[in-house]
Amino acid sequence: QVQLVEAGGGLVQAGVSLRLSCAASGRALSNYAMGWFRQAPGKEREFVAAISRRGLTTNYADSVKGRFTISRNNAKNTSYLQMNSLKPEDTAVYYCAARSTLQLGRITARSDEYDYWGQGTQVTVSS
């Protein structure tokens, strides 16, 4: 099993940047494709970004494309979500997730395909 802990959320004004981190323990992060999801109040959890095991393949939701960047440092067992030009509509609890896969390039936007989840970190963007 792998345990995931997110950090880096907070209350910020529109237009600024935040970087979220997701620290893994228990197993090497390199065994997992990683994803970031978010859930706003009253809404369903939605896909934000995903990255393959070695970081060579990424995918983004249209709503964050060009503003957010997902990355990973397997040596540090950590995944990151750099969020630039934040908007009030980015306000949500952000979750990282890990998907065990043997395929180095495999990524997915489907939340039901992830095996492990962090507890989430709140991001609030004021206008």
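All heavy atoms count here, side chains included; hydrogens, waters and symmetry mates do not.
Placement of Val48 and Tyr95 in two distinct hydrophobic clusters is found when ILVMFWY residues are connected by side-chain heavy-atom separations under 4.5 Å, directly or transitively. No path of Ile, Leu, Val, Met, Phe, Trp and Tyr side chains, each step under 4.5 Å between heavy atoms, connects Leu81 with Val93, placing them in separate hydrophobic clusters. Taken together through direct or relayed side-chain contacts under 4.5 Å among Ile, Leu, Val, Met, Phe, Trp and Tyr, Trp117 and Met34 form parts of separate hydrophobic clusters. Two different hydrophobic clusters hold Leu4 and Phe47 under the rule that ILVMFWY side chains link at heavy-atom gaps under 4.5 Å. In the hydrophobic clustering of this structure, Val2 groups with Ile51; members are Ile, Leu, Val, Met, Phe, Trp, Tyr whose side-chain heavy atoms approach within less than 4.5 Å, directly or through other members.
Of the possible donor and acceptor atoms, one in the side chain of Ser52 sits under 3.5 Å from a partner among the backbone N and O of Thr57. Side chain of Arg45 to main chain of Gln39: no donor-acceptor pair is present (N/O by atom type, distance under 3.5 Å, no hydrogens or angles). Looking at Arg38, its side chain never comes within 3.5 Å of a backbone N or O of Val123 through a donor-acceptor pair. For the pair Arg72 (side chain) and Leu29 (backbone), a donor-acceptor distance under 3.5 Å is present. Remark: the backbone N or O of Val125 is paired with a side-chain donor or acceptor of Thr91 at under 3.5 angstrom. With Glu6 contributing its side chain and Cys96 its backbone, the two residues share a donor-acceptor pair below 3.5 Å. Judged purely by atom type and a 3.5 angstrom limit, Asn73 uses its side chain to pair as donor or acceptor with the backbone of Lys76.
Between Ser85 atom OG and Arg67 atom CZ the span is 7.0 Å, to the nearest 0.5 Å. Distance CD1/Ile70 to CD/Gln82: 12.5 Å, rounded to 0.5 Å. Asp112 CG to Arg99 CZ: the interatomic distance, rounded to the nearest 0.5 Å, is 9.5 Å. Atoms CZ and CG, on Arg54 and Leu56 in that order, are 7.5 Å from each other to the nearest 0.5 Å. We find the CE-CH2 distance between Met83 and Trp36 to be 8.0 Å, quoted to the nearest 0.5 Å.
Within the 4.5 Å cutoff, no side-chain heavy atoms of Thr58 are placed close to those of Ile107. In this structure, the side chains of Thr121 and Leu20 come closer than 4.5 Å at one or more pairs of heavy atoms.
Ring-plane geometry between Tyr94 and Phe68 is classed as tilted, the angle between the planes lying from 30 to 60 degrees on a 0 to 90 degree scale.
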### Task
Take Tyr32 and Thr101 through the side-chain contact (heavy atoms from CB on, under 4.5 Å) test and state the conclusion after the steps.
CA-CA 6 Å; Tyr32 301 88; Thr101 176; over 6 Å; no
Steps toward side-chain contact (heavy atoms from CB on, under 4.5 Å) verdict (Arg53, Arg106)
CA-CA 8 Å; Arg53 286 176 54 186; Arg106 181 82 164 89; over 6 Å; no
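Smallest separation of non-hydrogen atoms from Ala14 and Pro88: CB-CD, 4.1 Å. Nearest heavy atoms, Asn74 versus Ser30: ND2-CB, 3.7 Å. Nearest approach of Ala109 to Phe37, heavy atoms of both residues: O-CE2, 3.5 Å. Contact detail for Ala49 and Tyr60: the closest heavy-atom pair is CB-CD2, 3.6 Å.
Thr108 and Glu113 form a side-chain donor-acceptor contact under 3.5 Å, judged by distance and modelled atom types alone. No side-chain donor from either of Asp115 and Ser100 sits under 3.5 Å from a side-chain acceptor of the other.
In this structure, Asp90 does not pair ionically with Lys87, as no charged nitrogen and carboxylate oxygen lie closer than 4.0 Å.
Enclosure of atom NZ in Lys65 by more than 12 non-hydrogen atoms of other residues, nucleotides or ligands within 6.0 angstrom is indicated.
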